[in-house]
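Values below: every heavy atom of this structure, side chains too, minus hydrogens, waters and symmetry copies.
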Amino acid sequence: MSDLRDLYQELILDHNRRPRNFGPLAEANRSAKGINPLCGDKVTVHLQVEDGQVKDIRFEGTGCAISIASASVMTESLKRQTREDAVSLFERFHRMVAPADGVESDPPDMGKLAAFAGVRDYPARVKCATLAWHALRAALDGKEKAVSTE
Amino acid sequence: MNVKQLKTTEQKRPEGCLDVTRVREDFPVLCQTVHGKPLVYLDNAATAQKPRAVIRRVAEYYETENSNIHRGVHWLSETATRAYEGTRTAVRQFLNAAEEREIVFVRGTTEAINLVARCYGGARLQAGDEVVISAMEHHSNIVPWQLICQEKGAVLRVIPVDDHGDIVMDEYHRLLGPRTRMVALPHVSNALGTVNPIKQMIADAHGAGVPVLVDGAQGVPHTRVDVQDLDCDFYAFSSHKLYGPTGVGVLYGKASLLEEMPPYQGGGDMILSVSFEETEYNVLPYKFEAGTPNIAGVIGLGAAVEYINALGIEAVASHEDRVVAYAAERLASVPGVRLVGTPGRRASLVSFVLGDVHAHDIGTILDQEGIAVRTGHHCAMPVMERFGVPATVRASFACYNVEAEVDALADGLEKAWRLFRGV
């Protein structure tokens, strides 16, 4: 059994208590909402994308500690990244929390996002950790409709 | 806490009380550990565990009686038909319905409500008519009515709920008007634990000439239901919350109402004769049982009713009332806990939040302690909206739960509180 502290690391508890980049974004030119119909969690990601670069990013919504902290750290990690870097980071993050074929890996250069590696031991919580990322992906793709984790 | 302690904490039982130690031994699933801790199953409002008698009865059917019912002249079919119809008799007695043809087997409470909304509502409702429900409904007693109201241009009216989680009776009386055609109410709220005064509410509706459907999903497992005494027009419940198999439910309906309703689905068993020009429908209850039903499930439900009868539903109810009262009191004293719903009469469950810690985080922490609770909106989003919370934790109890499990839950919550408070 993995220790709960592996899941609820101090960094995660801190970002849940004080989410960074939280609120609307006046200059946003893309937004997308992620919904987890199972628990009712809702996260909207606002992006200001210029010349293929994430110039600014903020998020709003309600959810559990894992989904809020994940959204918060995501926004910190993506500022001033290119669209391609953002997509690549999404894929590495997804591989870290939901290892394909059960092969665990710790992708390089995850920075603070590495704190979420413990989520892979709690399969029911993977959707919480990836909710904001799915909304990000939809916003980057310019999708209007809310994306669902289901 | 361990299983041994569970047994030793039991005190001398007064007459007519449940022997919970023995009851627990009837449920194989309870004798296991989860994450190294004894399983504490407090998600009974979602589904109850199955006693050995039910599991064995279903296996026995498949091993020795499996065949289609109401069809064959062979011995197996006759045996299976007898067992299937035996459940109808048992359910009729259990609900004290007047006649067996008033007991219709369906897939669950949801299907029973859909059947009434579609067949009764569909035939009766006209533009401008009104259907009255309450603000504490499960989605399955909202959406079927919404669908039929939209189709017919009828209006859905909602009785408000007060801050305790009780129905506001004055508002209910105000809503019963000349255009009201149907009232649909939960016997017991699945999100708040409120026991509604349905007998009085049914009498009030009848005073206005309006029939009443009772969503009894959370009622039947926890209290004696006498449909003739209640005088309800329809009563719906699910087998799986009553220790029976999933995929089976019961719709009780007064024969006079069921008679005048059109069939729900077309198919085998619901007809007397079919030609390409015309079909003559079968008599009650078969008119509403199209296609091969969940035979094993219905037979399993019969075993579940027999099991409850042996324990005595009154003994089960008084045991559960004691545990749930203890839970409400014990949890209210845990730092950070706020009960959602403090109704005048409570049954079977306690819903609560822990400070601003999200219910899902609590669910994960409790799971690590071997404790199974439900976290989320409980398919009752309007209730969450009413009480201003995104989700709650719900601990729900059955005949096999004991006070020591409430203590384990309280300890788990204190652990969650410490983790999130960083102390």
Should we count [atom1] of [X] as having more than 12 external heavy atoms under 6.0 Å?
X        : atom1 : answer
B:Asp356 : CG    : no
A:Arg20  : CZ    : yes
A:Lys55  : NZ    : no
B:Glu151 : CD    : yes
A:Arg30  : CZ    : yes

**Asked** Do the side-chain N and O atoms of B:Asp367 and A:Tyr122 include a donor-acceptor pair separated by under 3.5 angstrom?
**Response** no
**Request:** Look up atom CD in B:Gln368 and atom CG in A:Asp121, then write down how far apart they are to the nearest 0.5 Å.
**Result:** 9.0 Å
**Message:** For the CG atom of B:Asp361 and the OG atom of A:Ser67, what is their distance to the nearest 0.5 Å?
**Reply:** 8.0 Å
**Contact class of A:Leu7 relative to chain B, heavy atoms under 4.5 angstrom** = side chain
**Item:** Region of A:Ile66 in contact with chain B, defined by heavy-atom distances below 4.5 Å
**Value:** both
**B:His360, part contacting chain A, at a heavy-atom distance under 4.5 Å** = both
**Prompt:** Would B:His358 and A:Asn16 count as a side-chain hydrogen bond (donor to acceptor under 3.5 Å, both in side chains) if you check the C-alpha gap in whole Å, the side-chain angles of each, and the deciding distance to 0.1 Å?
**Reply:** CA-CA 10 Å; B:His358 194 281; A:Asn16 174 50; over 6 Å; no
